[in-house]
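Everything on this sheet refers to the single structure shown next.
Values below: all heavy atoms of this structure, side chains included; hydrogens, waters and symmetry mates excluded. Per chain, numbering begins at 1; letters A, B, ... match sequence-line order.
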Amino acid sequence: MSILNEISELLQAGKRKQVAELCTQAIEQGIPAAEILNDGLMPGMDVIGEKFKEGEVFVPQVLIAARAMKAGTEVLKPYLNDSESTAKGKLCIGTVKGDLHDVGKNLVAMMMEGKGFEVIDLGVDVPPEVFVQTARDEHCDIVCCSALLTTTMPVMADIVKAFEEAGIRQDVKIMVGGAPVTDEFAAKIGADAYTPDAASAADKAIELVSEAN
Amino acid sequence: MTKREIVLQALSHQETPVIPYFLDLTDIELKKMIDYTGDPLYFEHSDSYIAQERNESFTDLEGGKFMDMFGVIWDKGAQEGDFGIVNTYPIPEADFGDYVFPEPDEKLIREKCERLVAQHDKFTMYTIGFSLYERAWALHSVEESLMDFLVEPEFMHELLDKIVEYNNKVVDIVCEYPEIDCIFFGDDWGQQKGLIMGYPIWEEFIKPRLKIMYDHVKSYGKFVAQHSCGDCSELFPDFVELGLDIYNTFQPEVYDIQYFKDTFGDKITFFGGISTQRCLPFMTPDEVKAEMHHVMDVLSKDGGYILAPTHAMPADIPPENVIAFMEVAKNENPR
Ligand code: B12
């Protein structure tokens with residue numbers, strides 16, 4: 001097995017120490033950091049994302065794989081020069097104001113990172129202004145909003161409005177999700193996309209940025 | 001028949017003259033109803049068939065922070081809901097360090113039991129919320145706990161064993177009271193679709209401990225109820241095997257309620273069923289009533305149903321819909 005395949009396999013098993021070790025080895029062997037990322041770590045995360053979507057693995061397996069991915073990228077970071085590390089795109093993500101559920105939001109963030117996005121995590125209980133400000137200051141391509149409560153879903157409509165009022169609605173794609181959110185709701189409030197799970201959210205994000213380019 | 005006798009009849013899977021019900025409200029929604037109706041005893045006047053007391057207790061640390069009896073500090077802030085998020089985890093690493101597990105506060109538990117005894121014309125439930133997985137994550141964080149099921153399984157087994165030990169001591173005290181009918185365990189395992197931890201982990205870590213807790217309660221001749229939000233459909237065969245009497249929430253947006261009634265309804269009593277996700281916040285009062293009658297028709301055949309919202313009603317439910325809920329429960333029951 002090539003070292004990159006091995007990295008992918010170990011990542012899928014969530015072996016963060018071994019992933020980090022093998023990334024160091026791969027660097028020592030002269031493999032470019034971007035190749036290790038694109039052909040080792042990311043495909044591993046893809047497999048886990050796919051299996052999660054199919055219900056073959058569950059949140060714990062995704063969490064340990066994402067943690068291993070992080071350990072690997074930490075090793076690679078100093079070797080990735082700017083042009084190589086140009087991310088697929090940049091996004092900010094948060095759980096909306098009044099809502100404190102963060103497990104799903106964190107999974108979406110991890111999957112997005114796994115697909116090569118640069119992710120700014122705004123945490124929980126995030127007011128619309130903060131989404132707008134971050135998207136503007138950080139030039140985000142995508143804004144991801146998570147809500148798990150019917151009482152906080154309306155905040156998502158406020159967020160779409162806040163982007164309109166700030167005059168930057170056309171500059172970003174807004175994605176929404178969380179247990180009670182539906183396709184119809186997303187359409188009703190004028191969001192760009194909804195997906196039921198984190199792996200399809202990452203696929204959708206890729207689609208959205210390639211449409212935009 | 002007393003309210004308690006009607007619930008007992010429903011639990012023995014016999015048709016009842018009325019469907020027993022429980023009005024379950026979050027603190028904020030209750031306050032809203034009190035303001036709306038001008039009745040400070042709005043909850044008491046609901047005449048629910050069930051009386052509940054919660055084991056959890058909190059010390060107010062001020063500034064929106066509360067400490068529970070396990071030393072977990074919760075940040076309630078200005079958010080919607082009753083408990084907020086954890087501010088400080090007492091066991092952040094997979095290592096107990098100098099953490100000491102609490103002993104049940106016997107005096108406080110007996111006070112709560114006395115309150116239930118005073119209402120024993122109703123079916124009395126002593127609730128141990130955050131009873132297993134949730135207690136583990138309140139101490140050790142959601143993500144660390146989920147990961148440690150896989151990477152530090154011994155630690156997780158030990159952590160859960162300590163929690164069971166605590167619960168069983170609480171049960172020992174509560175079950176001294178003949179007037180208390182049921183121990184109600186709360187623990188959220190479900191997400192909108194499927195289990196957060198997945199079935200294999202549930203089967204290895206949670207199920208054997210439910211058996212210990214349920215058997216302990218049953219050894220006193222009491223009923224066992226279990227609450228879990230979300231989709232636990234794959235657990236029903238295990239619930240039957242474990243001898244569970246009552247399953248709570250039963251979200252109709254998650255379950256095919258007819259199928260579950262037909263398949264498990266002779267063993268398990270469903271407690272909940274009126275959606276706080278799709279029905280109560282959004283429908284008109286007439287639609288709420290129609291939806292309630294539909295759920296009641298399906299679930300109350302041969303008893304085995306306690307009418308209730310799928311969750312303590314949150315603050316986005318219009319007062320008119322709470323009133324519609326009560327009208328059906330009180331006056332259109334049977335229709
Ligand atoms: C765990 C949990 C909690 C924990 C949260 C811990 C934490 N750190 O997050 C605690 C106990 C603190 C909690 C508190 C409350 N909760 Co809660 N909670 C849940 C539960 C059981 C699971 C949520 C979860 O973690 N799921 C696992 C993750 C992986 O799934 P997920 O979040 O859905 O995310 C996936 C997708 O939705 C999607 N996704 C998520 N975000 C995004 C974003 C984008 C952009 C996209 C594309 C996709 C996407 O991808 C994710 C991964 O695949 C749900 C049940 C349910 N049906 O979901 C109730 C639930 C959400 N809670 C509920 C309630 C009512 C509450 C409280 C109000 C209870 C109370 N009385 O205090 C409080 C509110 C606190 C607050 N202000 O937020 C209700 C909401 C009902 C309603 N009407 O809206 C639910 C639905 C349960 C029910 N009975 O109906 N809760």
Side-chain angles (χ1 to χ4, degrees), chain A residues 12-18 51-68 70 95-107 109-110 123-127 146-155 177-182 184-185 188 195-198 200, chain B residues 26 28-29 74-81 83-87 133 137 141-153 156 188-202 205 229-231 234 251 253-254 275-282 310-311 313-317:
Chain A
Q12 290 168 47
K15 307 278 186 208
R16 65 173 153 165
K17 289 207 189 85
Q18 294 170 40
K51 287 191 174 166
F52 178 63
K53 209 157 50 177
E54 298 304 321
E56 290 168 40
V57 300
F58 307 96
V59 177
Q61 288 81 2
V62 177
L63 289 173
I64 60 169
R67 185 162 71 170
K70 204 165 198 168
T95 304
V96 304
K97 191 166 173 46
D99 203 318
L100 305 173
H101 294 85
D102 67 357
V103 183
K105 185 256 314 163
N106 293 348
L107 278 181
M110 289 167 198
V124 299
D125 197 13
V126 182
S146 183
L148 270 281
L149 299 168
T150 50
T151 47
T152 56
M153 273 164 66
V155 180
V181 180
T182 57
E184 297 80 69
F185 176 78
K188 198 179 96 194
T195 70
D197 67 82
S200 9
Chain B
T26 57
I28 316 178
E29 183 74 357
W74 296 82
D75 209 333
K76 235 195 107 183
Q79 52 88 37
E80 156 85 17
F83 28 78
I85 41 169
V86 178
N87 170 286
Y133 160 66
W137 75 240
S141 109
V142 179
E143 283 171 25
E144 291 300 321
S145 303
L146 287 171
M147 290 194 282
D148 283 341
F149 282 130
L150 297 170
V151 295
E152 300 281 353
M156 288 305 288
D188 282 351
W189 310 308
Q191 41 192 4
Q192 199 71 4
K193 203 170 179 315
L195 299 176
I196 300 172
M197 67 185 76
Y199 184 77
I201 291 177
W202 187 88
F205 288 87
C229 288
D231 174 10
E234 55 197 315
Q251 296 171 232
E253 57 277 353
V254 165
S275 176
T276 56
Q277 229 180 59
R278 304 271 159 92
C279 164
L280 290 165
F282 300 122
T310 51
H311 197 282
M313 293 190 198
D316 61 346
I317 298 177

Can you tell me how far apart [atom1] ([X]) and [atom2] ([Y]) are? Round to the nearest 0.5 Å.
X: A:I64; Y: B:L146; atom1: CD1; atom2: CG; result: 11.0 Å
X: A:T182; Y: B:E253; atom1: OG1; atom2: CD; result: 12.0 Å
X: A:M153; Y: B:F282; atom1: CE; atom2: CZ; result: 5.0 Å
X: A:L100; Y: B:W74; atom1: CG; atom2: CH2; result: 10.5 Å

CZ of A:R16: more than 12 outside heavy atoms within 6.0 angstrom?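 Not buried by this count: 12 neighbours or fewer within 6.0 Å.
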Under 6.0 Å from the NZ atom of A:K70, do we count more than 12 heavy atoms belonging to anything else shown?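 12 or below, so no.
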With a 4.5 Å cut-off on heavy-atom pairs, point out which of B:V142, B:I196, B:I201 contacts chain A the most.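 Among B:V142, B:I196, B:I201, the one with the most close pairs to chain A is B:I196.
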Per-residue contact mode, B:T276 against chain A (heavy atom under 4.5 angstrom):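 For B:T276, the contact with chain A is made by the backbone alone.
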With only heavy atoms counted, which part of B:Q251 is less than 4.5 Å from chain A, the side chain, the backbone, both or neither?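 For B:Q251, no heavy atom lies under 4.5 Å from chain A.
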Worked check of side-chain contact (heavy atoms from CB on, under 4.5 Å) between A:Q61 and B:L150: CA-CA 8 Å; A:Q61 288 81 2; B:L150 297 170; 4.0 Å; yes
B:P200 to A:F58 - nearest heavy-atom pair and separation: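 Minimum heavy-atom separation between B:P200 and A:F58: CD-CE1, 3.9 Å.
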Closest heavy-atom pair and its distance - A:T150, B:Q277: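 Scanning both residues, the minimum pair turns out to be CG2-O, 3.4 Å.
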Using a cut-off of under 4.5 Å for heavy-atom pairs, which of A:V62, A:L148, A:V59, A:V124 has the most such pairs with chain B?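 With the most close heavy-atom pairs to chain B, the winner is A:V59.
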Is there a side-chain contact between [X] and [Y], using heavy atoms and a 4.5 Å cut-off?
X: B:E143; Y: A:N106; answer: yes
X: A:H101; Y: B:I85; answer: no
X: A:P60; Y: B:M147; answer: no

Against chain B, label A:V57 side chain, backbone, both or neither, depending on which of its atoms sit under 4.5 Å from a heavy atom there.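 Neither part.
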